[in-house]
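Nothing here was measured: the structure is a model prediction, and the numbers come from that model. Chain identifiers are assigned alphabetically (A, B, ...) following the order of the sequence lines, protein sequences preceding nucleic acid strands; residue numbering begins at 1 within each chain.
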Amino acid sequence: MIVSISWRNVWRNKLRSFVIIMAITVGLVGGVFTVAVYNGMSEQKLRTAIDTQTAHLQIHARGFQKNKDIRLYIKQPENILSAIQEQQDVEGVATRLIATGMAATSTSNAGVQLNGIIPEQERRVSTIYQFVREGDYFESGKKNQILISSKTAKKLKLKLRSKVIITLQDINGQIVGAAFRVGGIFKTTHSLFDEGNVFVKKQDLERVLGAGSTINEIALRMKSIGQVEKLLQNFESKFDDQELDIQSWREIQPELAYINDATWQINFLILIIILLALAFGILNTMLMAIFERVKEIGVLMAVGMNRFKIFTMIVLETVFLSLTGAFVGLGVSALLVRKTNSSGINLSRFTEGLESWGLGNVIYPQLEAHFYLNIAAMVVVTALLSSIYPALKALKLNPVDAIHG
Amino acid sequence: MSIIKLINIDKTYNPDTIPVHALSDLNLEFKQGEFTAIVGPSGCGKTTLLNIIGGLDQPTSGKVIIDGTDLSTLDRGQLIDFRLQNIGFVFQDYSLLPVLTARENTEFIMQLQKQPKKKIKERVVTLLREVGLEDKLNVYPTKLSGGQQQRVAVARALASKPKFVLADEPTANLDSHSTSDLLDIMLKLNREENITFIFSTHDQRVIDKARRIIMLEDGKIAKPELVKQEVI
């Protein structure tokens with residue numbers, strides 16, 4: 001009966017209940033959607049970085065990441081590659097030769113990182129080929145083709161089939177130069193990455209450097225991001241005796257890992273702030289409800305309803321009111337997130353800012369199902385906390401004073 | 001045998017500021033099955049007396065003993081439980097829960113007593129039939145007339161099988177027809193179930209039907225009590 005009374009009490013003053021339910025709805029929709037957008041951005045940034053830059057795991061000769069010295073190459077890479085072949089969880093592996101140099105045209109020059117790749121391997125590890133806007137991804141089969149970003153093309157005033165001179169140090173430390181022809185122009189969603197990286201075929205770079213078959217980076221893509229740490233530990237112990245740096249995407253881009261880890265904390269903070277504001281609204285509504293029913297509560301005490309039951313009745317009423325708002329709010333939020341997740345939110349007006357952050361101009365808000373349950377639980381906790389003061393206020397009523405006003 | 005004993009009851013409001021003596025040195029006893037009206041002008045202490053008998057208010061001094069239990073020995077929680085088990089209340093403005101139907105309002109007290117569902121169902125139907133509302137079981141108070149609401153209130157007060165019922169001006173908001181109906185119902189229940197009824201009232205129609213009349217004036221019994229042999 002207490003449950004029934006509490007539920008029906010919610011609907012006694014329909015306008016007041018409607019107002020607070022709407023407040024909860026609007027608050028939750030705002031909060032949940034903000035969180036979903038932030039999640040979408042965070043996920044997109046992480047995915048783009050892994051897809052185009054870091055892969056899931058990278059293996060280098062010790063010290064290479066710091067110095068980018070091509071003489072620090074991986075010794076006996078075939079042992080490592082055969083160990084990788086045995087791993088069921090690895091989706092793709094790419095061997096790379098990386099060097100830094102200067103790209104120059106008749107009008108301008110720029111410092112770049114030359115990524116010597118094997119395109120067939122690379123397609124299973126990186127999605128750079130999907131970002132090619134002009135030309136192709138080394139599909140012509142010609143020698144000394146170079147894939148540059150549209151940003152670099154603009155800076156060096158290059159077009160498709162333009163010639164660019166690359167100057168760099170060879171394996172013996174001698175300065176060497178080579179002419180490459182622009183075979184493709186790409187544009188990812190990360191302008192800083194685009195600015196600093198060009199791609200050439202590994203065999204072309206090896207020829208220029210006089211390096212023979214040299215590998216100074218092995219990049220791995222796993223079937224799932226959750227398998228990275230396990231494989232990392234496995235390889236660290238397996239290749240402990242070799243001079244290698246084996247790093248997951250977390251170590252390669254720690255700021256990315258931080259953003260990923262901090263996402264749930266930021267989400268939690270956003271929701272806490274919104275629920276805190278809602279708590280005062282709920283508290284106010286329940287106080288009004290109690291003051292309106294002072295006489296009725298006095299009568300209930302007089303006829304024998306004990307303090308625990310009165311307390312329970314008010315707490316339940318608050319929870320029902322809040323959960324109704326949560327139900328509506330989360331329902332609307334889920335629909336909104338679902339809709340925008342499939343259509344995306346076009347923020348092309350802010351392209352420049354977003355790209356400097358490694359984001360595309362279309363954001364896809366997203367939330368996992370358990371998040372909605374967590375919010376519902378947080379609303380219940382908020383309702384419980386908000387109900388305590390009005391319930392205690394009711395318990396302090398003296399039946400005689402309450403009945404006779 | 002007395003079921004209610006009031007011994008040297010004093011009640012003073014605002015004792016530390018401007019004292020108002022509501023009841024002074026009052027000694028009263030009520031026996032099982034009485035149908036008693038407490039009458040007197042406004043402010044004479046009728047409602048205060050009922051509140052003290054009902055354990056809703058404490059006397060400044062004196063003792064209230066109900067069926068051997070001294071109410072002053074009970075804490076707040078025990079008093080609530082004591083009222084639930086022993087006392088029925090009827091209020092001037094009916095005070096039904098608007099979110100419950102006539103049937104639910106009546107069975108509410110029995111549910112608080114944790115009585116078996118079957119027993120609750122049977123008694124509620126019986127009581128609402130006795131007060132003439134068997135066709136209004138599932139009707140909400142707002143859809144009932146004042147007289148009908150007060151009849152539900154009487155059924156609610158009796159549902160828990162209390163030792164006595166305290167009714168504070170129960171007919172004050174009723175027309176003469178509804179008052180007559182209500183009094184007939186209460187008298188019938190008083191006779192058939194031997195339940196003690198104690199009213200505070202101004203209403204001559206209630207006074208006429210009471211078997212015992214206690215007149216209060218300035219917190220004291222003003223005249224010798226009138227005890228009738230038969231109800232007219």
Review point. Most heavy-atom pairs under 4.5 angstrom with chain A, which of B/Q111, B/R156, B/Q92?
Key: B/Q111
Point to revise | Any donor-acceptor pair under 3.5 Å from B/R83 side chain to A/G304 backbone | key: no
**Study point:** Closest non-hydrogen atom pair between B/F91 and A/A302, with its separation
**Key:** CZ-CB, 4.1 Å
Review point. Is atom NZ of B/K161 surrounded by more than 12 heavy atoms (other residues, nucleotides or ligands) closer than 6.0 Å?
Key: no
Check your understanding: Is it true that atom CZ of A/F33 has more than 12 heavy atoms of other residues, nucleotides or ligands lying nearer than 6.0 Å?
Key -> yes
**Study point:** Which portion of B/D57 sits near chain A, non-hydrogen atoms under 4.5 angstrom
**Key:** both
Review point. Does A/R12 reach the side chain of B/P98, with side-chain heavy atoms less than 4.5 Å apart?
Key: yes
Review point. With a 4.5 Å limit on heavy-atom distance, are the side chains of A/M301 and B/R76 in contact?
Key: yes
Check your understanding: Can you say whether B/T47 sits under 4.5 Å from chain A via the side chain, the backbone, both, or neither, judging by heavy atoms?
Key -> side chain
Point to revise | A/K295 side chain reached by B/D93 side chain, heavy atoms, under 4.5 Å | key: yes
Check your understanding: Around atom CD of B/E192, are there more than 12 heavy atoms of other residues, nucleotides or ligands at under 6.0 Å?
Key -> yes
**Study point:** Interatomic spacing from CG in B/L112 to CG in A/N306 - rounded to 0.5 Å
**Key:** 7.5 Å
Check your understanding: Taking the side chain as C-beta and beyond, is there a heavy-atom pair between A/I5 and B/L97 under 4.5 Å?
Key -> yes
Practice item. Answer yes or no: are there more than 12 heavy-atom neighbours, outside B/D218 itself, under 6.0 Å from its atom CG? Key: no
Check your understanding: Which distance, rounded to the nearest 0.5 Å, do you find between the CG of A/N398 and the CG of B/L56?
Key -> 8.5 Å
Point to revise | pair B/L100-A/R8: side-chain heavy atoms closer than 4.5 Å | key: yes
Review point. What pair of heavy atoms forms the shortest contact from A/M1 to B/E104, and how long is it?
Key: CE-O, 3.6 Å
Check your understanding: Should we say atom OH of A/Y258 is surrounded by more than 12 heavy atoms from elsewhere, each under 6.0 Å from it?
Key -> no
Review point. Taking it one step at a time, do B/F108 and A/L300 satisfy side chain to side chain contact (heavy atoms under 4.5 Å, CB included)?
Key: CA-CA 10 Å; B/F108 176 56; A/L300 289 173; 3.4 Å; yes
Check your understanding: Is it the backbone or the side chain of A/L395 that comes under 4.5 Å from a heavy atom of chain B, or both, or neither?
Key -> backbone
Practice item. Report the C-alpha separation of B/I80 and A/M305 in whole Å, then their side-chain angles, then the decisive distance to 0.1 Å, and conclude whether the side chain to side chain contact (heavy atoms under 4.5 Å, CB included) test is met. Key: CA-CA 7 Å; B/I80 290 176; A/M305 193 164 172; 5.8 Å; no
